[in-house]
Amino acid sequence: MPPFRIFKLLLLLAISSQLRAEDLSVDVVVYGATPAGVIAAVGAAQANKQLHVLLATPSMHVGGCMSGGLGVTDLGVHPNATIGASTRDFFKRVAEHYAVPFKDPDFCEGKSPPYTFEPHVAKNVFLDMLKDYNVTLLVNTRIVSFNVVSGVIQGAKLLNGSMLNAKVFVDATYEGSAMKMAGISYVFGRESVGKYNESVAGVLPEPTPRGRPYGHTHQFEVRVNPYTDATNTTCLPHITSCNNGGIPGQGDLKIGAYDWRVTLTTNTSNMVPIPEPDNYDPAEFELLRRIIIARKAANLSVAFRWPGGGIPNLKTDWKVGGPPGFTGEYVGGSWEYPNATYERQQEIVAEHKRFILALLHFYRTDPVVPEDIRSSLMDKPLGLPKDEYVDTGHWSPQLYVREALRMVGEYVMTQHDILNDTTHRDSIALGSYTIDIPGAVQREVLNGTAYLEGDMQCPSFCVPDQPVYAIPYRSITPKSTDVTNMLVPVALSASHVAFSAIRMEPQWMSIGQAAGVAAAIVASSEQPLAVQQVNVTDLQSRLRSVGQLIDP
């Protein structure tokens, strides 16, 4: 890391350590250094330079998934119509780092800088933005409770016992942890079809042909015996249930799978070995072994995606690929995470790391894996980059948490807001990403064979007919009967179906911008002002003035 970067980070850490020792009062607190959290803090500080804006995060990591391995940006179908303000500034700064011309984003997915980038580059850009707008950063600062009186947060209690006080709070965590502690209404899992009249809600019907709208694009292509023995009573590891996945259209408390975006490199001068998994047991992957055998018998390839390239300087944003039915997504491993305690969530993160390292070990060593795949992983140079994640053993500290808790706020976005009813009078940001749950919810048994349930792209992934849709301000405000001085731009108020489209980082960043400006309006008011009472016309005018795109 260049010396001035090190100085900058140490300066921020020094500020953090000094502030931790005693109670602190500021104007705006943003909790969670996700991309949306950084942009929310920047947005608030930019809106009123007299405000003291503080960004607190429970770990050392800044930048969430974008500085944690997600280096190939999912932009949506119409990024030119949706990405503006500080989100656009982030990509401009990435372009400056790589000394490439800034260009408007292309359809769907970034293919080169500034829409592909190394993790440390994203982190440094986020740190630069915080410094440029005089945002105070507190790392390793975990909120454990809120003091709420008559719906107003009086302060946040930190793990060390001190209090963090502010006029307004923004929960920008992936988990929605702050809103939960503040007593804001939330849900997790999948609503039923009938809850919001969503055609693709709840448990999905039996598998449709791959690639069809609402189709299970990662579905098994071969029949695989899911049982451990002839009694057909016990299932293999990573089969989540020996029964079917439930009644189609029925709601449940399950969500799609999480995974790691693994940062690897082929540059031998910038490489450390991939760590061995703890307690590796090849029997854990008997299901995958049977899939490979069945695919060979059907003259199908193993469909393994080799981790080559993807982001600059011979590094990867590798979503570990494999045959349909078994990829690097830990199906079922995410179910407990949304409503778990912080300590339990850290255990689940560790289990996901163990799983992905074990899966990599399987592909590198198991005799059933074709020789060309094993040799490509063992004989060719491949390792963790020495210049990434130096504080966490060169492994990303950020699990790809696609969805956790979801607020039930003033307005709940649904499938209809993504596909049909796409305009709102209180629009504060735009999206154009499609409904997309790439990690299956369940790996079950249907008619004697393993199958995936819950994987969904609707319409099919990145198709031109996906409209631009508005994100209403009401979707980031809690019910006025819950809390009146917190905004929630990440774990916002949406159904499981709608959330799967909104959840992409550039869209979250734009929503974070709006949350930051709204927080600044509340904090600047001479009289007490609830977030639900912000003048939306004024908010929209301020957003347009900084380049935010809000009109579909």
Quiz item: Rounded to the nearest 0.5 Å, how far does CD1 of Ile83 lie from OG of Ser510?
Solution: 6.5 Å
Practice problem: Determine whether the side chains of His496 and Glu403 contain a donor N or O and an acceptor N or O closer than 3.5 Å. | Solution: yes
Quiz item: Does any non-hydrogen side-chain atom of Glu505 lie less than 4.5 Å from one of Asp74?
Solution: no
Quiz item: Do you know the tightest heavy-atom contact between Ala518 and Val534?
Solution: O-CG2, 4.3 Å
Quiz prompt | Check: Ser500/Asp436 side-chain N/O donor and acceptor closer than 3.5 Å | solution = no
Exercise. Walk me through it: do Glu191 and Lys254 pass the test salt bridge (Lys or Arg N to Asp or Glu O under 4.0 Å)?
Key: CA-CA 10 Å; Glu191 293 87 357; Lys254 301 169 183 175; over 6 Å; no
Quiz item: Hey, is the main chain of Gly256 close enough, under 3.5 Å, to the side chain of Ser334 for a donor-acceptor pair?
Solution: yes
Exercise. Can you see which heavy atom on Val468 is nearest to which on Ala81, and at what distance?
Key: CG2-CB, 4.2 Å
Exercise. Taking the side chain as every heavy atom from C-beta outward, state whether Trp395 and Val262 have any pair of such atoms under 4.5 Å apart.
Key: yes
Quiz prompt | Asn124 and Ser67, any side-chain heavy atoms less than 4.5 Å apart | solution = no
Exercise. Show your working on side chain to side chain donor-acceptor pair (under 3.5 Å) between Ser199 and Gln415 and close with a plain yes or no.
Key: CA-CA 8 Å; Ser199 63; Gln415 173 184 327; 2.9 Å; yes
Exercise. Quickly, which of Arg354, Lys353, Glu351 forms a side chain to side chain donor-acceptor pair (under 3.5 Å) with Tyr330? Name it, please.
Key: Glu351
Quiz item: Excluding sequence neighbours, so at least two apart, what forms salt bridge (charged side-chain N to carboxylate O under 4.0 Å, His left out) with Arg544?
Solution: Asp551
Quiz prompt | Val168 vs Met486 side-chain heavy atoms within contact, under 4.5 Å | solution = no
Exercise. Using distance alone, with no hydrogens and no angle criterion, decide if Asn134 and Lys49 have a side-chain donor and acceptor under 3.5 Å apart.
Key: no
Quiz prompt | Pairwise salt bridge (Lys or Arg N to Asp or Glu O under 4.0 Å) hits with a residue in residues 135-147, at least two apart | solution = Arg142-Glu343
Quiz item: Taking all non-hydrogen atoms of both residues, which atom of Ile153 and which atom of Ala182 are closest, and how far apart?
Solution: CD1-CB, 4.1 Å
Self-check item: Test log, rule side-chain contact (heavy atoms from CB on, under 4.5 Å), inputs Thr240 and Val331
Solution: CA-CA 8 Å; Thr240 57; Val331 176; 4.1 Å; yes
Quiz item: Can you find a heavy atom in the side chain of Pro552 that is under 4.5 Å from one in the side chain of Leu430?
Solution: yes
Quiz prompt | Glu96 with Arg93: basic N within carboxylate O range, under 4.0 Å | solution = no
Quiz item: Taking atom CD of Gln513 and atom CD1 of Ile39, what is their separation to the nearest 0.5 Å?
Solution: 6.5 Å
Exercise. Would you give the length of the straight line joining atom CG of Leu54 to atom CG of Leu164, rounded to the nearest 0.5 angstrom?
Key: 5.5 Å
Quiz item: Is the Trp508-Tyr174 ring centre distance short of 6.0 angstrom?
Solution: yes
Quiz item: Okay, side chain of Asp426, backbone of Val536: is any donor-acceptor separation there less than 3.5 Å?
Solution: no
Exercise. Identify the two heavy atoms, one from Pro506 and one from Thr73, that lie closest to each other, and give their separation to 0.1 Å.
Key: CG-CG2, 3.5 Å
Quiz item: How long is the span from the CG atom in Asp252 to the OG atom in Ser192, to the nearest 0.5 Å?
Solution: 10.5 Å
Quiz item: Who pairs with Asp421 by salt bridge (charged side-chain N to carboxylate O under 4.0 Å, His left out), at least two apart in sequence or on another chain?
Solution: none
Quiz item: Any donor and acceptor pair, going by atom type alone, linking the side chain of Gln540 with main-chain N or O of Ser427 inside 3.5 Å?
Solution: yes
Quiz item: Are the side chains of His352 and Ile348 in touch, meaning some heavy atoms are under 4.5 Å apart?
Solution: yes
Practice problem: Verify the ring-centre separation between Tyr433 and Tyr469: is it less than 6.0 angstrom? | Solution: no
Practice problem: Step through it carefully: locate the ring centre of His120, locate the ring centre of Tyr389, and say whether they are under 6.0 Å apart. | Solution: no
Quiz item: Hey, what do you get for CG (Leu70) to CZ (Phe117), rounding to the nearest 0.5 Å?
Solution: 7.0 Å
Quiz item: Would Val349 and Trp260 satisfy side-chain contact (heavy atoms from CB on, under 4.5 Å), going step by step from the backbone distance to the final call?
Solution: CA-CA 10 Å; Val349 170; Trp260 292 94; 4.0 Å; yes
Quiz item: Can we call the ring centroids of Phe102 and Phe91 under 6.0 Å apart?
Solution: no
Quiz item: So Leu549 and Leu543, side-chain contact (heavy atoms from CB on, under 4.5 Å) or not? Walk me through it.
Solution: CA-CA 8 Å; Leu549 302 177; Leu543 289 170; over 6 Å; no
Quiz prompt | Contacts of type ring pair (Phe, Tyr, Trp, His ring centres under 6.0 Å), residue Tyr31, not counting sequence neighbours | solution = none
Quiz item: Shortest non-hydrogen contact from Val170 to Ala40?
Solution: CG1-CB, 4.3 Å
Practice problem: Using salt bridge (charged side-chain N to carboxylate O under 4.0 Å, His left out) as the criterion, list what pairs up with Glu175, not counting sequence neighbours. | Solution: none
Exercise. Determine yes or no for a side-chain-to-main-chain donor-acceptor pair under 3.5 angstrom, with Ser541 supplying the side chain and Asp538 the backbone.
Key: no
Quiz item: What is the distance from atom OG1 of Thr136 to atom CG of Leu24, rounded to the nearest 0.5 Å?
Solution: 8.0 Å
Quiz item: Could you walk me through whether Asp417 and His424 pass the side chain to side chain donor-acceptor pair (under 3.5 Å) check?
Solution: CA-CA 9 Å; Asp417 296 286; His424 288 280; 2.8 Å; yes
Quiz item: Using 4.0 Å as the upper bound for N to carboxylate O, is an ion pair formed by Arg344 and Glu336?
Solution: yes
Quiz item: If you take all heavy atoms of Gly69 and Thr263, which pair is closest and at what distance?
Solution: CA-OG1, 3.6 Å
Quiz item: Side chains of Glu453 and Gln442: do they bring a donor and an acceptor to under 3.5 Å?
Solution: yes
Practice problem: Tell me, please, which residues at least two apart from Asp27 pass salt bridge (charged side-chain N to carboxylate O under 4.0 Å, His left out). | Solution: Lys167
Quiz item: Given side chains that start at C-beta, do those of Glu118 and Lys315 come closer than 4.5 Å, heavy atoms only?
Solution: yes
Quiz item: Between Ser162 and Asp23, does any side-chain donor sit less than 3.5 Å from a side-chain acceptor?
Solution: no
Quiz item: Does the side chain of Arg261 reach to within under 4.5 Å of the side chain of Trp318, using non-hydrogen atoms?
Solution: no
Quiz prompt | Residue pair Gln398 / Ser396, side-chain donor-acceptor N/O under 3.5 Å | solution = no
Quiz item: Looking at the rings of Tyr411 and Tyr473, which for Trp means the six-membered one, are their centres under 6.0 Å apart?
Solution: no
Quiz item: For Leu405 and Asn339, what are the C-alpha separation, side-chain angles and deciding distance, and is it a side-chain contact (heavy atoms from CB on, under 4.5 Å)?
Solution: CA-CA 7 Å; Leu405 302 181; Asn339 210 32; 4.0 Å; yes
Exercise. Output yes when a side-chain donor or acceptor of Gln154 lies under 3.5 Å from a complementary backbone atom of Asn165, and no otherwise.
Key: no
Quiz item: Under the 6.0 Å and 45° cation-pi test, does Arg402 pair with Tyr400?
Solution: yes
